Amino acid sequence: MTATPSPALAGGPGDPGGAAASGVPGVSGTVAVVATTAEVLAHPSAEAGLLTPWEQARLARIRLPHRRDDVTAARLLLRLCAAHVTGRPARELSPSQHCPTCGRDGHGRPYLRDHPDLGVSLSHADGLVAAAVGPGPVGIDVEPSTRRPAPLRMLARVLPAADLRAATAHPDPGPELLRLWVRREARLKAGRDDLPLLEWTDPHRTATTATTGPSPTRTPLATLPARDCPPHTPSPGHA
C-alpha cells in the first residue's frame, strides 16, 4: 500500500521526542505487535462493534471472507495498541484516515484525531496482522515468511541497488529480498528513512516484520489491555 502523509503528522509534530512529544504520560517508544488474524479476533477486547460505520461499510465491500477478516483484525489490533499506549479504552479510540492527494477520507495514512502527536500504522497479509503506535511517525509491515517479492526488475525500481546486490549474493536470496521489502514498506508508511528500525522473523507465526519509529519495541498481544483494563508496561525483547 502506498503511504500518504496524514494531517496529524504533516508539518513536523511527528518528530520523535519521547513522552514529552507524545503528550501521553509514560509513552517513550513505539509499541509494535504482530499476531495472526485468528489470535486478534479471539482477543477479549477485539469486538467488531468497535469499528466505525465507514469501516463497516468498507469491510462489506470486501468479497473474500479471509481478506475481510484480515482487515478487521488489523483495525482492531490498532485500537488495542492505541489503548495500550494511551490508557484509554479501545472503544474511545477511532483511527481516522485522510488522503491529502485527493482530499478524501477513508484511505491514506491512519491517525488518531485526539492524539495528533502519536503515530499509528497497520499491516495485514494472508492471515497475519501487525500494528504500531508511538510518539511520532511510525510504520510497520508484515509478510508471510514464505512469500517472495516481485521480480528483481521491479524491485530495482524501489530498492537501493547496493542492497539488492547484497541480497542476491546470498545463497538463499528469497528471505533477504523479503526483508528488504518489509523494511521499505515500513519506512514508506512512516514517511521517513532516518528513524530506528526493528525487524524480526517470527517462526511460530511464519511472519517477517519490520517496524520503524522512535525506540520500537516488540510487544506481545497477550499484554494488550483486556476490555477496559489499564495497559501493561511494554516488555522489550519478546513477541
Side-chain angles (χ1 to χ4, degrees), residues 1-35 40 74-88 93 95-98 108-125 128-143 179-202 207-221 223-224 231-239:
M1 177 185 297
T2 300
T4 51
S6 76
L9 297 180
D15 287 344
S22 72
V24 180
V27 180
S28 58
T30 301
V31 169
V33 179
V34 174
V40 173
R75 292 185 171 278
L76 291 174
L77 181 60
L78 185 60
R79 283 169 166 81
L80 297 182
C81 289
H84 180 88
V85 168
T86 65
R88 294 176 58 184
L93 299 164
S96 301
Q97 288 179 269
H98 179 79
R109 186 178 298 153
Y111 66 99
L112 297 174
R113 290 185 182 275
D114 294 340
H115 295 282
D117 291 331
L118 281 179
V120 299
S121 182
L122 58 85
S123 179
H124 52 82
L128 297 170
V129 292
V133 177
V138 302
I140 195 165
D141 192 59
V142 64
E143 296 285 352
R179 282 192 282 271
L180 284 180
W181 179 260
V182 296
R183 289 178 211 158
R184 179 257 186 190
E185 285 292 294
R187 285 170 170 152
L188 183 64
K189 291 177 181 180
R192 300 239 321 240
D193 292 332
D194 60 341
L195 297 170
L197 182 78
L198 175 67
E199 58 180 307
W200 70 94
T201 298
D202 184 335
T208 296
T209 307
T211 185
T212 185
S215 303
T217 302
R218 294 169 60 184
T219 302
L221 175 66
T223 67
L224 299 187
H232 296 268
T233 301
S235 177
H238 298 282

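Here, residue 1 is the first one in the sequence, and each next residue gets the next number. Here the structure is a predicted model, which is why all the values come from computation and not from measurement. As a basis for the values below, the full set of heavy atoms in this structure was taken, side chains included, without hydrogen atoms, waters or symmetry mates.
- In plain terms, the two heavy atoms of I140 and A130 that are nearest each other are CD1-CB, 3.7 Å.
- For the pair R109 (side chain) and S121 (backbone), a donor-acceptor distance under 3.5 Å is absent.
- Rounding to the nearest 0.5 angstrom, the gap separating the CZ atom in R184 from the NZ atom in K189 is 10.5 Å.
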Begin from the C-alpha positions of T223 and V33 and carry the test side chain to side chain contact (heavy atoms under 4.5 Å, CB included) through to its verdict. CA-CA 10 Å; T223 67; V33 179; over 6 Å; no

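- Here the closest non-hydrogen pair linking A32 and T211 is CB-CG2, 3.8 Å.
- Within the 4.5 Å cutoff, no side-chain heavy atoms of H115 are placed close to those of V120.
- In this structure, the side chains of S123 and E185 stay at 4.5 Å or more apart for every pair of heavy atoms.
- Scored by the salt bridge (charged side-chain N to carboxylate O under 4.0 Å, His left out) test, R187 finds no partners at all (sequence neighbours excluded).
- Taking both residues in full, the closest heavy atoms of A190 and G139 are given as CB-N, 3.7 Å, listed atom of the first, atom of the second, then distance.
- Between S215 and P196, the closest side-chain pair of non-hydrogen atoms is not below 4.5 Å.
- To the nearest 0.5 angstrom, R183 atom CZ is 12.5 Å from D141 atom CG.
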Verdict with reasoning, V129 to L122, per side chain to side chain contact (heavy atoms under 4.5 Å, CB included): CA-CA 8 Å; V129 292; L122 58 85; over 6 Å; no

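- Within the 4.5 Å cutoff, side-chain heavy atoms of L224 are placed close to those of C81.
- No side-chain donor-acceptor contact under 3.5 Å links T217 to the backbone of V31.
- To the nearest 0.5 angstrom, L112 atom CG is 7.5 Å from T86 atom OG1.
- In this structure the side chain of H124 never reaches within 4.5 angstrom of the side chain of L77, judged on heavy atoms.
- Distance alone, capped at 3.5 Å, places no donor-acceptor pair between the T212 side chain and the A186 backbone.
- A distance of 10.5 Å separates CH2 of W200 from OG1 of T208, quoted to the nearest 0.5 Å.
- When all heavy atoms are compared, the tightest approach of P214 to P137 is CD-O, 3.8 Å.
- Of the candidates T30, L78, V138, L78 is the only one forming a side chain to side chain contact (heavy atoms under 4.5 Å, CB included) with V133.
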